[in-house]
Amino acid sequence: MAASGRIIRGISSLVSRKFLSSKGLFLFLNTFFFLPGKCCSSFFPNKSPILSSNAFFRYNSTESRPTVRKNDAVATSGLMDFGLYVAECMPKYVQKVQIVTGNELEVLVAPDGIVPVLQFLKDHHQCQFASLADIGAMDVPSRENRFEIIYNLLSLRYNSRIRVKSYTDELTPVDSCYEVFKAADWYEREIWDMYGVFFANHPDLRRILTDYGFEGHPFRKDFPLTGYVEVRYDDEVKRVVVEPVELAQEFRKFDLSSPWETFPNLRTLPAGTEEDLKATQTGPAKQ
Amino acid sequence: MTSLLRKCNTLCNQLLKGCTSNVSVMPRRWLNDMEKSTMTVVNEDTSVGLLINSYSRAGFRLSNGMMAIGPIAIFPKSVLSWNVNTAEDINEDSLSLFYTLEPKIDILVIGVGNPGQQVSPKIIQYMKEKHISLEISPTETACATYNFLNAEGRCVAGALIPPTQYRINEDDIASTKRRNRELMKVKDYEIV
């Protein structure tokens, strides 16, 4: 009671007694500031109670990287179990299951199996990945199958995402998943335009981003950043002409290694976890 | 109880009457013509040249009212019949007209008919040597591409083969019926 008396005397210096009777203030403080069950005297050293109110927010913690997302081991293991389940349901096509950056599940499939796996993920009651968020592609020229096609799916029912990855080279067509996801229409057109990956059974596969007479596939790694041709208006012929590109300055590549480390908190990231499918598969072994 | 209902009823009627009497909305006054939204149909603009209004198994209807039958080679100011059967039959001779023309066209839009048709890759290479970009697609999309490339003012020519399979929607059926009705209508001055 003596401590509460001290509070009231301290606060009343700021709050006029006309607004709050001492009893009312006590009740107000009781409900908002006092932690249940704690002796109030420990919170209030001899200094002014208002200035030391930051004592409320000090706590003991061994947190060393507060801004880095923590890895939820339970969720990750649940995700890996789900990935193995998908692999068990589609053993013919699924080649690998992995979890990257802590919480993203990736299923790597053979190119023949893209449409069956996507159909399975969309229709199966425990999966229900009914939303195709994106289709992307990646060019790794050093590989034999240089293009990687990446499908990002979202399940609204289970609030989870999954990535289906497959591969192809420059000449092999990939089956379009337009029948499964209508949204794939423009995404596949974009991949055709930018990378040159042909999608069989696509309703209308034509260019979408590049200009009408454009030659080449810009997102390939061997296509230069500034391109091959440039356009300008020629006053003699009174129209836009296409000419080989001429840069006023030669292309400079800045490859500085900075003396300062940019992300010291991320020096050691949790490694991606892989599960060896062969060990867990009970059905016929994959090809 | 019934009087209450009756009161509710009259109140509702009054409210509705109030709503309907205010249905004529005052048009917002625009400061000047620039603020108004306008819409122009490109095909009705005759200054951009020949555009394609519609296509069918037989041929194409152009924006100046002409009907061209069979495969056509279309330019901003003229249209010619094209001597080619299917997309596979396109060879260097078929395209000779396009690269001998002056001023040289930038883009040649080729409509191959049905979506599955292929064009021989040799002519793609051939036209690349002549510095003419090709835009090969099914005729349905090629017509639209030719239309808005022309409307933009680019030097474009179209080589179009009528498709044999295409989807029809109700709008197409309705406009065909309307056109036929116009044809069949007897004009007043013809009745003697």
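Numbers restart at 1 for each chain; the letters A, B, ... are given by sequence-line order, proteins then strands.
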- Residues, nucleotides or ligands: over 12 heavy atoms within 6.0 Å of Glu246(A) CD: no
- For Arg239(A) and Lys104(B), the nearest pair of non-hydrogen atoms, with its separation, is NH2-O, 2.6 Å
- Note on the structure: side chain to side chain donor-acceptor pair (under 3.5 Å) filter on Thr172(A), not counting sequence neighbours, yields Asp169(A)
- Query: Of all the residues in residues 130-148 of chain B, which have a heavy atom that comes within less than 4.5 Å of a heavy atom in chain A?
  - Reply: Ser133(B), Leu134(B), Glu135(B), Thr141(B), Thr145(B), Phe148(B)
- Query: Can you say whether Leu149(B) sits under 4.5 Å from chain A via the side chain, the backbone, both, or neither, judging by heavy atoms?
  - Reply: side chain
- Query: Are more than 12 heavy atoms from other residues, nucleotides or ligands located less than 6.0 Å from atom NZ of Lys122(B)?
  - Reply: no
- chain A neighbours within residues 152-175 of chain B, where any heavy atom lies under 4.5 Å away: Arg154(B), Cys155(B)
- Message: Check this for me: Gln118(B), atom CD, are more than 12 non-hydrogen atoms of other residues, nucleotides or ligands nearer than 6.0 Å?
- Response: no
- Query: Of all the residues in residues 57-89 of chain B, which have a heavy atom that comes within less than 4.5 Å of a heavy atom in chain A?
  - Reply: none
- Message: Please check if the number of heavy atoms outside Phe219(A) that lie under 6.0 Å from its CZ is greater than 12.
- Response: no
- Counting only heavy atoms not in Arg161(A), do more than 12 fall under 6.0 Å of its CZ? no
